[in-house]
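Data first, discussion second: the structure below is written as structure tokens.
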Amino acid sequence: MLQAEPNVSTSPDGELFKLPSEADYAQEWLRLKQLADEQRALGRDIVVVMGVGFVGAVMAGVVADAVDNQGNPTKFVIGMQRPSTRSFWKIPFLNRGIAPVEAEDPEVEPLIKRCVLEKKTLTATFSYDALSLADVVVVDVQCDYHKEALGDVKKGHAAIGALENSLKVIGEKIEPGCLVLIETTVPPGTTEYVAYPIIKKAFEKRELKDAEPLLAHSFERVMPGRNYVSSIRDFWRVCSGINRTARDKVVKFLSEILNVDQFPLTVLDRPIESETCKIVENSYRAATLAFLDEWSVFAERNGVDITKVVDAIKIRPTHSNMLFPGPGIGGYCLPKDGGLGFWAYHTLMGFDDDLFKITPMSIDINDTRALRPPQIVRDALRNMGKIVPASKIAVLGISYRQDVGDTRYSGSEVIVRKLTEMGGEVVVHDPYVKHWWEFEKQDTYPAPGHSLKRFFRNQDGLVELSVNDDLADVLFGVDAIVLAVRHSAYLDLNPERVVEMTGRPVAIVDCFGILNDEQISNYFQLGCEVKGLGRGHVKRLKDKVRLSTNYDTQQASKIRVHRLAPFNSHR
């Protein structure tokens with residue numbers, strides 16, 4: 001594999017950008033100062049958004065697009081990204097008016113283009129000096145949770161080093177009256193126990209001893225998909241500040257950029273309450289999804305179709321949000337946020353008792369749920385007289401949820417890795433994903449040494465795994481198909497057409513309640529084997545098809561005998 005050049009950042013489409021030199025910093029400061037002076041003369045606040053990744057890039061666009069009652073822009077936004085080989089390319093992309101994130105939402109690209117090229121209320125920089133110009137700093141620096149074992153979240157830690165470094169620079173650069181809004185999902189207590197001391201000490205070092213940091217927290221509820229922008233701008237927000245001044249400032253700022261008339265703010269007393277709110281919200285969701293795992297296995301072993309059970313329960317309004325979890329709980333939040341709470345309780349607060357049980361157990365269940373589909377693939381292939389090591393297996397759907405292109409913590413990643421470990425040849429298809437970075441850059445993504453690769457054997461060759469958007473090409477000659485994500489493109493796949501594309505009967509494994517009974521029966525009629533997570537009723541359908549086939553064969557035989565009898569007797 002080619003090594004990245006040390007002073008070059010490569011964009012996803014392969015364009016190279018040289019990292020800035022010392023001379024570039026001086027020139028960049030002059031540019032930013034001039035822009036800030038011009039924008040202040042127009043009565044606009046200067047907002048620096050630190051981190052222009054999945055959340056920060058669109059948040060910067062939403063802030064830059066904000067207008068007053070007369071339709072005049074109220075903010076000038078500087079998106080700031082550390083000039084690393086991994087991320088520097090985002091800066092020139094933004095300054096061209098190109099969104100540095102892929103999105104299914106058609107509003108993303110016009111939003112960024114409009115703010116950069118038309119309204120000229122958004123620019124991007126690599127220079128931390130931009131912080132000294134800010135009235136508000138929005139912190140969207142990633143705060144991950146590094147797990148040291150698959151299926152044991154307690155063996156892990158919150159990776160807050162990047163956030164701490166960013167806060168230190170903020171304290172060294174900002175003016176005392178600047179509001180620092182932490183938007184990142186963080187361990188409860190971070191704003192008060194980590195951010196405040198860091199910035200306060202930086203102020204004291206600058207001899208600003210009487211200045212109190214104006215710190216606030218307001219977590220995002222960003223949802224990938226076609227409502228990406230709306231999930232930032234037109235959605236309920238929770239916020240709080242470390243003191244009354246910070247609280248008032250964050251309420252004012254959010255009220256000026258978000259649709260608070262339709263989606264009012266919820267203002268809590270302390271940042272730790274806002275931080276806890278996000279962790280509890282996502283831990284609750286993770287727990288309800290993990291809860292169905294054991295019932296899914298129960299259903300498989302006892303002839304029950306769990307999808308019908310869930311649909312029957314959802315008729316009751318109090319249970320209408322019950323979801324069948326599929327092969328894993330992906331996305332950036334649910335697989336890790338409970339771990340941030342567990343870590344904070346023991347590390348930031350210093351408690352040593354075993355308080356948390358349900359929250360870590362839920363994460364462990366969700367993290368390992370995707371190990372079951374490879375076992376089901378194994379069993380389905382055995383029923384056809386085949387084994388995994390001698391089979392080619394197509395995984396359809398690699399994102400973490402339907403009709404989006406986000407692969408972070410996707411259950412499909414674990415499926416592919418386990419099938420590969422078992423010796424299978426895996427090919428993948430997804431209409432929304434061009435690059436599966438978890439494999440293509442598995443030695444460095446999401447960070448060196450933190451790929452799921454480390455939990456499985458025989459993984460080196462997966463750097464060559466490519467995403468194919470030609471379904472017929474992917475399916476040709478496979479022995480098994482794993483329906484891993486409920487993409488719209490897979491819901492109405494015709495069984496006859498699928499077998500036509502594969503060229504022979506295959507094993508079909510439904511991980512997400514994609515197939516209805518008619519489709520399952522049709523696959524059996526075509527000589528395929530069908531199994532699925534929570535689909536325990538498939539054996540009944542298989543037996544029914546066999547009985548029907550035997551009955552039809554017997555009837556046909558009787559008809560042939562009846563028709564031949566007169567001819568024979570005549571002879």
Side-chain angles (χ1 to χ4, degrees), residues 139-172 180-205 209 211-219 238-244 246-247 250 268-287 290 332-367 447 449-450:
V139 181
D140 280 316
V141 177
Q142 186 167 299
C143 180
D144 211 338
Y145 187 86
H146 289 165
K147 300 170 184 175
E148 297 166 12
L150 186 65
D152 189 354
V153 72
K154 292 182 178 181
K155 293 180 180 177
H157 66 278
I160 65 171
L163 178 63
E164 290 174 311
N165 291 336
S166 297
L167 291 167
K168 185 173 182 295
V169 176
I170 289 171
E172 293 168 351
V180 178
L181 168 58
I182 298 175
E183 195 172 43
T184 305
T185 300
V186 294
T190 296
T191 303
E192 295 168 66
Y193 298 171
V194 178
Y196 175 82
I198 288 175
I199 296 180
K200 181 64 175 175
K201 288 174 184 175
F203 279 3
E204 290 174 352
K205 206 168 185 179
K209 295 184 179 180
E212 278 295 308
L214 298 179
L215 279 159
H217 181 265
S218 178
F219 60 89
V238 177
C239 66
S240 189
I242 204 162
N243 52 41
R244 181 164 186 169
R247 199 156 50 245
V250 74
L268 299 177
D269 292 336
R270 294 177 59 193
I272 192 173
E273 293 174 322
S274 174
E275 295 161 342
T276 301
C277 185
K278 178 63 181 287
I279 302 302
V280 172
E281 180 175 302
N282 284 342
S283 296
Y284 165 77
R285 193 65 163 169
Y332 186 61
C333 297
L334 269 60
K336 71 170 178 62
D337 284 2
L340 295 176
F342 172 83
W343 181 86
Y345 182 72
H346 292 286
T347 305
L348 295 185
M349 287 83 173
F351 292 98
D352 60 4
D353 59 298
D354 190 23
L355 172 67
F356 286 103
K357 296 178 177 65
I358 295 174
T359 298
M361 183 186 294
S362 299
I363 295 175
D364 294 345
I365 289 171
N366 292 332
D367 281 354
H450 291 286

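One is the number of the first residue; the rest follow in order along the sequence.
When only modelled atom types and interatomic distance are considered, Ser274 and His217 share a side-chain donor-acceptor pair under 3.5 Å. With hydrogens and angles left out, the side-chain atoms of Tyr345 and Asp352 include no donor and acceptor closer than 3.5 Å.
To the nearest 0.5 Å, atom OG1 of residue Thr191 and atom CD of residue Glu273 are 12.0 Å apart. In this structure, CG on Asp140 lies 10.5 Å from CD1 on Ile182, to the nearest 0.5 angstrom. With values rounded to the nearest 0.5 angstrom, Thr184 atom OG1 is found 9.5 Å from Lys278 atom NZ. Note that CD1 of Ile272 and OG1 of Thr276 are 5.0 Å apart. Values are rounded to the nearest 0.5 Å. In this structure, Leu167 CG and Ile198 CD1 are separated by 5.0 Å, a value rounded to the nearest 0.5 Å. Interatomic distance, Glu183 CD to Phe219 CZ, rounded to the nearest 0.5 Å: 10.5 Å.
Salt-bridge annotation for Arg285 and Glu281: absent, with no side-chain N of the basic residue lying under 4.0 Å from a carboxylate O of the acidic one. Taking a cutoff of 4.0 Å between a charged side-chain nitrogen and a carboxylate oxygen, Lys155 and Asp364 do not qualify as a salt bridge. Taking 4.0 Å as the cut-off between side-chain N and carboxylate O, Lys147 and Asp367 count as a salt-bridged pair.
Judged by distance alone, with hydrogens and angles left aside, the side-chain atoms of Tyr145 form a donor-acceptor pair with the main-chain N or O of Val153 at under 3.5 Å. Put simply, the side chain of Arg247 gets close to the backbone of Asp269: a donor and an acceptor are under 3.5 Å apart. Without hydrogens or angle criteria, Ser362 side chain to Ile358 main chain gives a donor-acceptor distance under 3.5 Å. A donor-acceptor pair under 3.5 Å is absent between the side-chain atoms of Thr347 and the main chain of Ala344, judged by distance alone. The backbone N or O of Ala211 sits less than 3.5 Å from a side-chain atom of Lys200, completing a donor-acceptor pair. Put simply, the side chain of Ser240 never gets that close to the backbone of Ser218: no donor and acceptor are under 3.5 Å apart.
Across all their heavy atoms, Pro213 and Ile242 have their closest contact at O-CG2, 3.7 Å. Taking all atoms of both residues into account, the shortest heavy-atom contact from Val186 to Ile279 is O-CD1, 3.9 Å.
No side-chain heavy atom of Phe203 sits under 4.5 Å from any side-chain heavy atom of Glu172. Contact check for Leu214 versus Val180: no side-chain heavy atoms found under the 4.5 Å cut-off. Counting heavy atoms from C-beta outward, Phe356 and Trp343 have side chains that stay 4.5 Å or more apart. Proximity of Lys154 to Asp354: side-chain heavy atoms (C-beta onward) are separated by under 4.5 Å at one or more points. Side-chain contact between Gln142 and Thr185 is absent, with no heavy-atom pair separated by less than 4.5 Å.
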Distance-only donor-acceptor pairs under 3.5 Å for side chains of residues 156-166, two or more places apart:
| residue | atom | partner | partner atom | Å |
| --- | --- | --- | --- | --- |
| Asn165 | ND2 | Gly161 | O | 3.3 |
| Ser166 | OG | Ala162 | O | 3.0 |

Indicate every side-chain donor-acceptor pair of residues 332-339 with a distance under 3.5 Å to a residue at least two apart or in another chain.
| residue | atom | partner | partner atom | Å |
| --- | --- | --- | --- | --- |
| Tyr332 | OH | Cys143 | O | 3.4 |
| Asp337 | OD2 | Asn282 | ND2 | 2.7 |

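Evaluated for a side-chain contact (heavy atoms from CB on, under 4.5 Å) with Cys239, the options Leu268, Leu181, Val250 yield exactly one hit, Val250.
Shown here is Lys209, whose NZ atom has no more than 12 heavy atoms of other residues, nucleotides or ligands within 6.0 Å. The environment of OH in Tyr284 is sparse: at most 12 heavy-atom neighbours from other residues, nucleotides or ligands sit within 6.0 Å.
Under the rule for a salt bridge (charged side-chain N to carboxylate O under 4.0 Å, His left out), the partners of Arg270 that lie at least two apart in sequence or sit in another chain are Glu192.
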